[in-house]
Amino acid sequence: MPRTPEGDNRSTGPPSSGNQGASSRRQRRGGAAGRYGRWTPPGPAGRSTSLLVPVGRAFPDSDDLLAEALHALSRGGTPGAREIVLALARPGDEVRWWRETPAGPADAAPWSAERHLRAAAHRTLLAAALATRARAAYHGARHRRAAAALLEDVLVGPASGGRGLTAFVPVTPGRPLAVRLHQALRAAREAIDRARATGGTHAFDEAVEAGVSHELTEALAALVQGTQGARVAVAWAPAAGVPEGCSPGADVPHVRTTLDEEAYRIAGHAHLMGLPVRVHGRLESRGGFRRLTGAGGVAPVRLDDAERDRLTKALQADRESPASSRDACPKEAYEPEPGD
C-alpha cells in the first residue's frame, strides 16, 4: 500500500501538513535586515542561484525587486520554481504525491511515468471530492458531476520526472476537498495497520465514515503500482490556518536520527560554533517520538541577526516549557548514542 509521510510528514498515514507557503521550497540565506531577504533553493542548487525578496514595499526599489523575483521564477527551469509561481497565483492548500521508482540512466524515467502519476493523483482527488458529497463504500456513478466540478479550480504543477506532483487547492471552495482527503488517508492508514495486526477487515467498514471508499483504495493502488512505495501529503494554506480536527505541521522539540561519521563531525562542529544545522530526511513517528530516516545533506546554517534572535528566543521558550523538559522526554530522544 502507499505510504504517506508522517506529519508532514509524512508508512500510509497521516498526511503531512503545515505552513508551507510559496517560500517553503526556498530557504533564507541572509539579506539586509528589515529591507530584503536572500532566498535560495534547498540543496546543491542553492549555491548557484538566489532571489532578493523585499520584506515590504516601503523602499523605492521594492517593486523592482518583486518584479525581478517573479520574472526569475517564471523563467526558472526547475519544477520547484514553477510551483512557487503557481502557489502565488492560486494560494491555498497543497496536495503532494511522490512515487519511489527505480532510476534509469541519468536519473531518467519511462515516458509513461508522468501520465501514470497524473492519472493516479486525479483519481485520488476525485475520490475525496465524492466523499465530500456522501460517505459510501462504493460511489459508482453518484455525485460524479458535482465532484468533477469541485476539481475545476484545482491547479496542478509540473510532474518531476514522473515521481512527484503538486496540486494547489484554493481554500474557497476547495478546503472541504483537502480536509476530506486528509481524513480519509489517515483512516486508510489506520485501517491497514489494524488489518495487518488482527487479520480482519472490519476496520475498513469504520473507515468509510472518514471518506475511505472503493474509489480511494483503487486510486491508491494505482499510485503505488510499479513503485517501491508512494506518499501523499497535505499542507494547509498559512493564511487560512489548520482546519478543525486536522493535524498541524509537525512541530517537535526533539527528533532522533542516525548520521554517518562525516555528517556527525559536521553537526558536532556546528554545535560548538553555536550554529544550527540543516538536514534532509523523512520524519516518522516511532515508539512515541519522532525519528528522521534517510538523513543526509547535513550542513551548518548561517543566520542573519533577526533570524538568530528569533531562533534563540524559540529555543529558550522550549527549554522553559515543562512539557519540553528532559524529565518529560525519553532519554534516547536527547542523548543519542555515538553516531546517532
Side-chain angles (χ1 to χ4, degrees), residues 1-2 4 12-17 82-83 86-99 112-159 162 164-189 191-192 204-225 230-237 239-246:
M1 288 297 294
T4 57
T12 301
S16 80
S17 54
R82 295 192 292 274
E83 284 186 3
L86 285 174
L88 291 172
R90 185 64 57 86
D93 302 324
E94 298 180 15
V95 182
R96 293 177 174 273
W97 296 264
W98 294 269
R99 301 176 78 241
S112 59
E114 181 173 341
R115 183 179 62 183
H116 187 114
L117 174 59
R118 286 181 178 272
H122 179 267
R123 293 174 65 178
T124 304
L125 289 179
L126 182 61
L130 287 168
T132 65
R133 308 296 302 181
R135 317 291 173 83
Y138 176 68
H139 292 282
R142 293 174 296 174
H143 307 297
R144 288 274 170 169
R145 181 173 299 179
L150 191 58
L151 301 185
E152 290 181 356
D153 293 325
V154 176
L155 293 181
V156 180
L165 187 68
T166 303
F168 302 90
V169 184
V171 174
T172 304
R175 173 53 69 91
L177 168 64
V179 170
R180 182 59 59 223
L181 178 61
H182 175 277
Q183 295 173 341
L185 289 173
R186 179 186 294 272
R189 172 72 275 173
I192 292 170
F204 286 97
D205 297 331
E206 301 174 5
V208 169
E209 187 60 27
V212 177
S213 63
H214 171 80
E215 285 80 1
L216 180 65
T217 56
E218 288 291 299
L220 295 178
L223 179 67
V224 79
Q225 182 180 9
R231 293 175 287 158
V232 183
V234 179
W236 308 117
V242 179
E244 183 178 359
C246 295

Inset, instruction - Could you check Arg96 against Arg231 for side-chain contact (heavy atoms from CB on, under 4.5 Å), going step by step and ending with a plain yes or no? - result: CA-CA 8 Å; Arg96 293 177 174 273; Arg231 293 175 287 158; over 6 Å; no
Inset, instruction - Indicate yes or no: at least one non-hydrogen side-chain atom of Val208 is less than 4.5 angstrom from one of Ser213. - result: no
Legend entry - For the student: nearest non-hydrogen atoms of Ala128 and Leu177, plus distance: CB-CD1, 3.5 Å
Legend entry - Shortest non-hydrogen separation from Ala222 to Ala120 and the atoms involved: C-CB, 4.1 Å
Legend entry - Atom pair CG (Leu165) and CZ (Arg99), whose distance is rounded to the nearest 0.5 Å: 11.0 Å
Legend entry - Where Ala210 and Ala187 come nearest, the two heavy atoms and their spacing: CB-CB, 3.5 Å
Inset, instruction - Could you grab the distance from atom CD of Glu94 to atom OG1 of Thr166, nearest 0.5 Å is fine? - result: 6.5 Å
Legend entry - Interatomic spacing from CG in Leu216 to CZ in Arg123 - rounded to 0.5 Å: 10.5 Å
Legend entry - Spatial distance of atom CG (Leu150) from atom CG (Leu130) [nearest 0.5 Å]: 10.0 Å
Legend entry - Validation row: Phe168, Val154 side chains within 4.5 angstrom (heavy atoms): no
Inset, instruction - Any chance you could measure His182, atom NE2, to Trp236, atom CH2, to the nearest 0.5 Å? - result: 5.0 Å
Legend entry - Residue pair Asp93 / Arg175, side-chain heavy-atom distance below 4.5 Å: yes
Legend entry - Validation row: His122, Leu151 side chains within 4.5 angstrom (heavy atoms): yes
Inset, instruction - Give the C-alpha distance, both sets of side-chain angles, the deciding distance and a yes or no for side-chain contact (heavy atoms from CB on, under 4.5 Å) between Trp98 and Leu117. - result: CA-CA 9 Å; Trp98 294 269; Leu117 174 59; over 6 Å; no
Legend entry - From CG (Leu126) to CD (Glu215), nearest 0.5 Å: 8.0 Å
Inset, instruction - Report yes or no: do Arg180 and Gln183 form a side-chain donor-acceptor pair below 3.5 Å? - result: yes
Inset, instruction - Could you list all the side-chain hydrogen bond (donor to acceptor under 3.5 Å, both in side chains) pairs where at least one residue sits in residues 130-140, not counting sequence neighbours? - result: none
Legend entry - Residue pair Ala237 / Val171: nearest heavy atoms and the distance that separates them: CB-CG2, 3.9 Å
Legend entry - Smallest separation among heavy atoms of Val212 and Ala184, with atom names: CG2-O, 3.4 Å
